[in-house]
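To start, the structure under review is shown below, and the notes come after it.
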Amino acid sequence: MAGRSEGLSLESLWDAPEPMRDAVDRRGGLLPPPLAARFPGDLMIDLRAERPTVVANFVTSLDGVVAMGPGEVGAGGAEISGSSESDRFMMALLRGLADVVVIGAGTLRAGRRHVWTSAHVQPAFADAFASWRRDLGLTPQPTTIVVTASGNLDVAHAGLNAPGVPVIVATTKAGANRLAMLPVSSNVRVEVVGDGERVPAGALLEIVRGTGARVALCEGGPHLFGELLRARIVDELFLTVAPQVAGRDAAVHRLALVEGTSFGKGSGRWANLASVRRAGDDLFLRYRFEP
Ligand SMILES: NC(=O)c1ccc[n+]([C@@H]2O[C@H](COP(=O)([O-])OP(=O)(O)OC[C@H]3O[C@@H](n4cnc5c(N)ncnc54)[C@H](OP(=O)(O)O)[C@@H]3O)[C@@H](O)[C@H]2O)c1
């Protein structure tokens with residue numbers, strides 16, 4: 001499956017009509033030529049006035065599996081997407097528009113050599129992404145924010161040591177104490193968030209806001225995403241549907257894991273479909289959550 005959907009354009013199938021609303025600030029627009037050849041049309045993200053906009057990006061199998069189990073061989077996202085090159089292109093585009101990429105420690109641990117930049121997933125387009133970010137007035141690379149309660153991180157992980165990629169580890173007091181004993185790279189800043197055993201979603205958003213970010217991209221995993229959803233701070237979901245039945249227990253491998261409770265009042269979080277694209281057998285769905 002290596003390189004599945006290689007070089008295919010993410011063809012636009014459907015866009016929701018623009019809702020009537022007051023003028024909003026936006027980031028993005030038509031893409032520069034080398035990127036537009038793969039992604040015709042525009043890509044824009046609404047910028048919220050009162051807080052950073054939070055968008056999430058996941059790939060799911062047909063049976064709703066987004067993650068192999070902890071400790072399973074091949075726990076990274078490539079096993080879900082079948083190493084889809086078009087999915088990596090979508091991932092690179094969203095990283096290209098983001099000020100920060102927020103991940104949970106489980107996601108960091110699953111991809112030991114991963115770096116959360118566009119260039120890492122699309123090296124052939126590294127220059128195009130760099131110049132797009134310059135044109136948009138963004139920093140050269142998004143800041144990686146890793147959320148961990150335990151502080152149990154491999155400080156030699158590529159994603160914590162990439163030149164020019166600032167990293168913030170948002171953690172608890174206990175997590176910070178653990179990290180203080182380790183040789184953490186100089187581009188990593190450890191921030192203690194709150195005084196509990198978890199990092200509250202609202203406090204995490206304050207860390208994001210403190211960096212001056214307007215767009216935060218959450219790349220999971222399911223535990224972190226579940227907490228952000230429950231806190232009602234996710235604005236959009238970009239969801240790639242990969243054409244495989246993964247055959248895992250969807251209860252423990254599904255998109256959003258909200259421990260111990262549902263979203264409340266017996267209902268889920270509803271969203272509106274914003275656009276549909278396809279590249280070969282991959283489907284690229286964009287949803288906007290209802291406020
Ligand atoms: N299909 C996809 O698109 C996709 C995307 C992302 C990830 N994944 C997969 O998802 C799997 C990992 O799943 P996961 O749910 O364990 O991932 P996760 O949410 O990235 O990691 C969970 C861990 O993150 C930390 N964490 C999350 N929220 C926290 C909070 N509010 N406060 C403090 N710490 C918090 C904790 O770390 P500590 O244990 O260090 O305290 C927790 O154990 C991997 O196999 C990965 O490949 C798939």
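All ligand and atom numbering here is 1-based and tracks the order in the structure.
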Residue pair Ser84 / Ser5, side-chain donor-acceptor N/O under 3.5 Å:
yes
Reported CZ-to-CG distance for the pair Phe225 and Leu237, which is rounded to 0.5 angstrom
4.5 Å
With a 4.0 Å cut-off on heavy atoms, does Val59 reach ligand 1?
yes
May I ask you to list the atoms of ligand 1 that are less than 4.0 angstrom from any heavy atom of Ala67?
9 (C), 10 (O), 11 (C), 45 (O)
By ring-ring contact (aromatic ring centres under 6.0 Å, His included), His114 pairs with (sequence neighbours left out) Trp116, His120
Relative to atom 19 (O) of ligand 1, which among Leu224, Leu204, Leu239 owns the nearest non-hydrogen atom?
Leu224
Does any N or O atom in Ile103 lie less than 3.5 angstrom from one in ligand 1, N or O only?
no
In Å, rounded to the nearest 0.5 Å, how long is the span from CG of Asp99 to OG1 of Thr143?
8.0 Å
Of Ala231, Pro200, Gly106, the one whose closest heavy atom lies nearest atom 21 (O) of ligand 1 is Gly106
Atoms of ligand 1, numbered as shown, that sit under 4.0 Å from any heavy atom of Pro222:
10 (O), 13 (O), 14 (P), 15 (O), 17 (O)
Answer side chain, backbone, both or neither: which part of Ala149 comes under 4.0 Å from ligand 1, heavy atoms only.
both
Is His223 touching ligand 1 with its side chain, its backbone, both, or neither, if touching means heavy atoms under 4.0 Å apart?
both
For Val59, which of Leu255, Val66, Asp87, Val65 qualifies under side chain to side chain contact (heavy atoms under 4.5 Å, CB included)?
Asp87
With no hydrogens and no angle check, do the side chains of Asp282 and Thr240 hold a donor and an acceptor under 3.5 Å apart?
no
Contact (N/O only, under 3.5 Å) between Gly151 and ligand 1
no
N or O pair under 3.5 Å between Val199 and ligand 1:
yes
I'd like to know if the side chain of Arg214 reaches the main chain of Arg48, judged simply by a donor and an acceptor atom lying under 3.5 Å from each other, with no hydrogens or angles considered.
yes
Ligand 1 contact by Arg109, heavy-atom criterion under 4.0 angstrom:
yes
Any nitrogen or oxygen of Thr148 lying under 3.5 Å from a nitrogen or oxygen in ligand 1? Just yes or no.
yes
Out of Leu153, Thr107, Asp87, who gets a non-hydrogen atom closest to atom 20 (O) of ligand 1?
Thr107
Quick one: hydrophobic cluster around Met44, which other residues, with the 4.5 Å side-chain cut-off, linked directly or via members?
none
Can an N or O of Asn152 be found at a distance shorter than 3.5 Å from an N or O of ligand 1?
no
Among the clusters formed by ILVMFWY side chains lying less than 4.5 Å apart, do Val215 and Ile168 turn up in the same one?
no
Applying side chain to side chain contact (heavy atoms under 4.5 Å, CB included) to Phe289 and Glu236, what does each step give before you reach the verdict?
CA-CA 6 Å; Phe289 283 100; Glu236 297 200 32; 5.8 Å; no
Atoms in ligand 1 flagged as close to Val66, the criterion being non-hydrogen separation under 4.0 Å
1 (N), 2 (C), 4 (C), 48 (C)
